[in-house]
Structures are given as C-alpha cells and as structure tokens.
Amino acid sequence: MMSLPNILTLSRIVALPLLAFLLWWPDWQWGYLMAFVLYCLMGITDYFDGYIARSSGAVSKLGQFLDPIADKIMVATVILVLAAQGVLRGPYVGDMHVIAGGIILVREIAVSGLREFLGGLQVSVPVSRLAKWKTTFQMACLGALILGKALPIWTMSLGGDSINVPHTVGLTTLWAAAVLTVITGWDYLRVGLKHMD
C-alpha cells in the first residue's frame, strides 16, 4: 500500500496538466486565480509530504525518487507555460526575463543528469541549505507571477510605467532564483567533476 507522503507527491504530478490548462490563457483572470490556489496547494503538499515522511519514519525509496522529480517538473511546467504565453515579460528588459527561466531549466536538467551519473557511482550529494533557498525563491517567484496575472488591479504607476506589483516582484525574484541556481549548480558540478576521469 502506498504511503501518505507518496500519495501527496503523486498528487502534485497528477495536478500539473490542470495547472498548465489554467495558465494557458493569460487574460483569463479567474483561471489565473484558480491556478494560484492550485499552485499554493501543490506547494503545501510539497512541504507536508517531506514533513510527514520524516516525522513518521515513512521515508521510502519511491518518495526519495518522486519528490525531487515532482518539484522539477512543476517548476519546469510553470516556467514553460508562462514563457510561451508572454508572462515572463516586463519593464525595462522586455522578454529577456525568459533568460532567467532558461537558466533555471538548464540547471535543473543538468543537476538531474549529474545526480543520475553520481548515483551510478554510489556517490550521494546532499541538498545544501542554499539549494533549499533556491527552491524557495523559485516557488515564490512563480507564485507571484501567477498572482500578478490574477490581480491586474494591483498595478501602480512608477516613473511613467504601469507596474503590476506581484508581477514585478515575481520577475525580480526570478532573477534571484536564477543566480542561486547557478551558484548551487556549480557546487553540484564541482562535486561531480571529482568523480569524472
């Protein structure tokens, strides 16, 4: 029988098509509001599946495998849909915010491949505190970007530009997440290089 933490993790993966559907129409404010609620619920299950697994001693190999995959495909799905729908566009640099999203995607794929390679060598790479901060920034920035499209009334005029506050916070923290992504990715790569011929 599957444990509760694994069910919570699987629920995040199963909910991804619905999340992508809700994000597909950037002018549909109710869709983005529902997407924000769903995204928050997915974030809560991410916290509780780990907490329950550790506190009840129900940490399983399936959970250790699924949890990071669920996180990565959730982040990748949201970044790709928001980029495709032009949500990663903002003042001053326009579409260049897509670069920050691309950096995050490249790092996640590279680190997954590196972990698989090191796993074959039976080398474990623990998740650092900085990597946890990186994940927190990723989750926060994507949530803010979704909320910005859900609440266009949170727009103010600044220096002659109309700026949606959650959207601008989301774009700013997206770049912060990208910087942390590069730093933590380099940390993982440095460990991996020691085990390569």
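Just so we're clear, the structure is a prediction, and the values are computed from it rather than from any experiment.
Summarising the geometry of T184 relative to T181, their closest heavy-atom pair is OG1-O, 3.3 Å, with the distance given to 0.1 Å. A pairwise comparison of heavy atoms in T173 and C141 identifies OG1-CB, 2.9 Å as the closest pair. Across A15 and L38, no two heavy atoms sit closer than the pair O-CD2, 4.0 Å. Of all non-hydrogen atoms in A177 and F137, the two that sit nearest each other are CB-CB, 3.8 Å. Nearest approach of A178 to A100, heavy atoms of both residues: CB-O, 3.8 Å. Closest approach of A150 to L33, counting heavy atoms only: CB-N, 3.5 Å.
Remark: side-chain polar atoms of Y32 are paired, donor with acceptor, to backbone N or O of L23 under 3.5 angstrom.
When the side chains of ILVMFWY residues are joined at heavy-atom separations under 4.5 Å, either directly or via intervening members, L22 and V78 end up in a single hydrophobic cluster. Residue Y39 is not grouped with residue V14 when hydrophobic side chains (ILVMFWY) are merged at heavy-atom distances under 4.5 angstrom, including chains of intermediate members. The hydrophobic cluster containing L114 does not contain L130, counting ILVMFWY residues as joined when their side-chain heavy atoms lie under 4.5 angstrom apart, directly or transitively. Linking Ile, Leu, Val, Met, Phe, Trp and Tyr whenever their side-chain heavy atoms come within less than 4.5 Å puts Y188 and W186 in one cluster. Residues L82 and L147 are members of one and the same hydrophobic cluster, defined by side-chain heavy-atom contacts under 4.5 angstrom among Ile, Leu, Val, Met, Phe, Trp and Tyr.
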Would M156 and S162 count as a side chain to side chain contact (heavy atoms under 4.5 Å, CB included) if you check the C-alpha gap in whole Å, the side-chain angles of each, and the deciding distance to 0.1 Å? CA-CA 6 Å; M156 57 185 267; S162 290; over 6 Å; no
Residues K149, W28; criterion side chain to side chain contact (heavy atoms under 4.5 Å, CB included); working and verdict: CA-CA 8 Å; K149 294 303 282 184; W28 184 27; over 6 Å; no
Pair I79-L142, side chain to side chain contact (heavy atoms under 4.5 Å, CB included): steps then yes or no: CA-CA 8 Å; I79 287 175; L142 297 177; 3.8 Å; yes
Check against side chain to side chain contact (heavy atoms under 4.5 Å, CB included), D71 and R12: CA-CA 8 Å; D71 293 345; R12 294 205 311 278; 2.8 Å; yes
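Within the 4.5 Å cutoff, side-chain heavy atoms of M42 are placed close to those of L16. Looking at M139 and V75, their side chains come closer than 4.5 Å, going by heavy atoms from C-beta outward. You'll find the side chain of K134 reaches within 4.5 Å of the side chain of R107, heavy atoms only. A 4.5 Å side-chain heavy-atom check between I13 and M74 finds every atom pair outside the cut-off. Residues W133 and I183 form no side-chain contact, since every pair of their non-hydrogen atoms from C-beta on lies 4.5 Å or further apart. When side chains are defined from C-beta on, L88 does not count as touching D95, because their heavy atoms never get closer than 4.5 Å. In this structure, the side chains of Q138 and E108 come closer than 4.5 Å at one or more pairs of heavy atoms. For the pair L80 and L105, the minimum side-chain heavy-atom distance is below 4.5 Å.
Classified by interplanar angle (parallel below 30°, tilted 30° to 60°, perpendicular above 60°), the ring pair W25/F21 is perpendicular.
Between H97 atom NE2 and L145 atom CG the span is 9.5 Å, to the nearest 0.5 Å. One finds the CH2 atom of W175 at 9.5 Å from the CD1 atom of I104 (value rounded to the nearest 0.5 Å).
Between the side chains of H167 and W154, no donor-acceptor pair is found at a separation under 3.5 Å.
Considering V98, L174, V182, V179 as possible partners of I103, the one that fulfils the side chain to side chain contact (heavy atoms under 4.5 Å, CB included) test is V182.
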